[in-house]
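This report concerns only the one structure given below.
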Amino acid sequence: EAGVVQSPRYKIIEKKQPVAFWCNPISGHNTLYWYLQNLGQGPELLIRYENEEAVDDSQLPKDRFSAERLKGVDSTLKIQPAELGDSAVYLCASSSTSVGTGELFFGEGSRLTVL
Amino acid sequence: DAKTTQPTSMDCAEGRAANLPCNHSTISGNEYVYWYRQIHSQGPQYIIHGLKNNETNEMASLIITEDRKSSTLILPHATLRDTAVYYCIVRVIFGNEKLTFGTGTRLTIIP
């Protein structure tokens with residue numbers, strides 16, 4: 001079974017440019033999470049989806065960050081415009097409310113460098 | 001989610017048991033103890049979880065104290081591939097609530 005797939009794996013952009021990250025969760029997982037991980041820190045939740053609905057986006061900086069999960073499957077996280085402080089790893093995870101015991105499965109992450 | 005306290009770093013000799021402690025003194029009755037680990041340049045990986053009984057799987061064992069205020073993750077025969085950051089998290093199991101990560105314990109396995 002394929003795991004959570006994220007792309008791109010690495011992205012280097014100049015400040016003020018836009019960037020987008022894509023996530024394909026594990027098939028059948030209804031819950032999708034985007035986390036931000038700064039160097040030396042644990043991941044921090046940006047947004048959580050239940051199917052198509054964003055049920056927790058309180059930590060998403062909505063002035064420059066946006067996310068969508070069309071059809072309740074794949075998701076895209078966008079930053080526009082990017083700032084130097086956005087350099088980090090963006091992790092996507094998924095889980096199921098009907099299968100397993102609530103564990104989250106993470107992708108390998110997308111490492112963003114803003115110059 | 002309740003907060004957890006873990007040592008910043010630990011070393012363990014290859015082939016020995018690695019015992020990683022975690023304090024969660026404010027854990028609620030409906031919160032489970034989860035352990036994840038993150039190997040360099042990878043996403044976090046689920047290891048094990050438990051409520052109040054000791055648990056064991058193919059990766060590790062989890063020992064939870066009777067008062068549930070602390071726990072220990074045990075890797076019985078550590079290998080170099082176990083070098084990673086280990087996160088202890090308390091969380092309600094259902095409802096797919098978020099995982100709240102701390103800074104974890106950086107475990108280094110020494111050859």
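In the text below, chain A, chain B and the rest are named by the order of the sequence lines, each starting its count at 1.
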Heavy-atom pairs under 4.5 Å with chain A, option from B/Pro44, B/Gly43, B/Gly104 with the top count: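 Highest number of pairs under 4.5 Å: B/Pro44.
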Going hydrophobic residue to hydrophobic residue with side-chain gaps under 4.5 angstrom, can you get from [X] over to [Y]?
{"X": "A/Leu60", "Y": "A/Trp34", "result": "yes"}
{"X": "A/Leu39", "Y": "A/Leu112", "result": "no"}
{"X": "B/Leu62", "Y": "B/Met10", "result": "yes"}
{"X": "B/Leu20", "Y": "B/Met59", "result": "yes"}
{"X": "A/Leu36", "Y": "A/Ile13", "result": "yes"}

If I measure from the heavy atoms of chain B, does A/Gln37 come under 4.5 Å with its side chain, its backbone, both, or neither?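 Looking at A/Gln37, just its side chain touches chain B.
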Please check if the number of heavy atoms outside B/Arg16 that lie under 6.0 Å from its CZ is greater than 12.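 Count not over threshold, so no.
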Neighbour count >12 (heavy atoms, 6.0 Å) for atom NZ, A/Lys62: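 Above 12, so yes.
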Using a 3.5 Å distance criterion without hydrogens, assess whether the side chain of B/Tyr87 forms a donor-acceptor pair with backbone atoms of A/Pro43.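 The answer is no, because no donor-acceptor pair under 3.5 Å joins these two groups.
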In sequence, state the C-alpha distance, the side-chain angles, and the governing distance for A/Tyr35 and B/Phe101, and then conclude on ring-ring contact (aromatic ring centres under 6.0 Å, His included). CA-CA 10 Å; A/Tyr35 279 83; B/Phe101 291 83; 5.8 Å; yes
Report the distance from atom [atom1] of [X] to atom [atom2] of [Y], rounding to the nearest 0.5 Å.
{"X": "A/Leu45", "Y": "B/Leu99", "atom1": "CG", "atom2": "CG", "result": "9.0 Å"}
{"X": "B/Ser41", "Y": "A/Glu108", "atom1": "OG", "atom2": "CD", "result": "9.0 Å"}
{"X": "A/Glu103", "Y": "B/Arg91", "atom1": "CD", "atom2": "CZ", "result": "8.5 Å"}

Quick one: are B/Tyr34 and A/Leu104 in side-chain contact, heavy atoms under 4.5 Å?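 Heavy-atom side-chain distance check fails, nothing below 4.5 Å.
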For the pair A/Phe106 and B/Tyr46, evaluate side chain to side chain contact (heavy atoms under 4.5 Å, CB included) and give the outcome as yes or no after the intermediate values. CA-CA 9 Å; A/Phe106 285 82; B/Tyr46 166 81; over 6 Å; no
Chain A heavy atoms under 4.5 Å from B/Gln38: which part of the residue, side chain, backbone, both or neither?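 The side chain, not the backbone.
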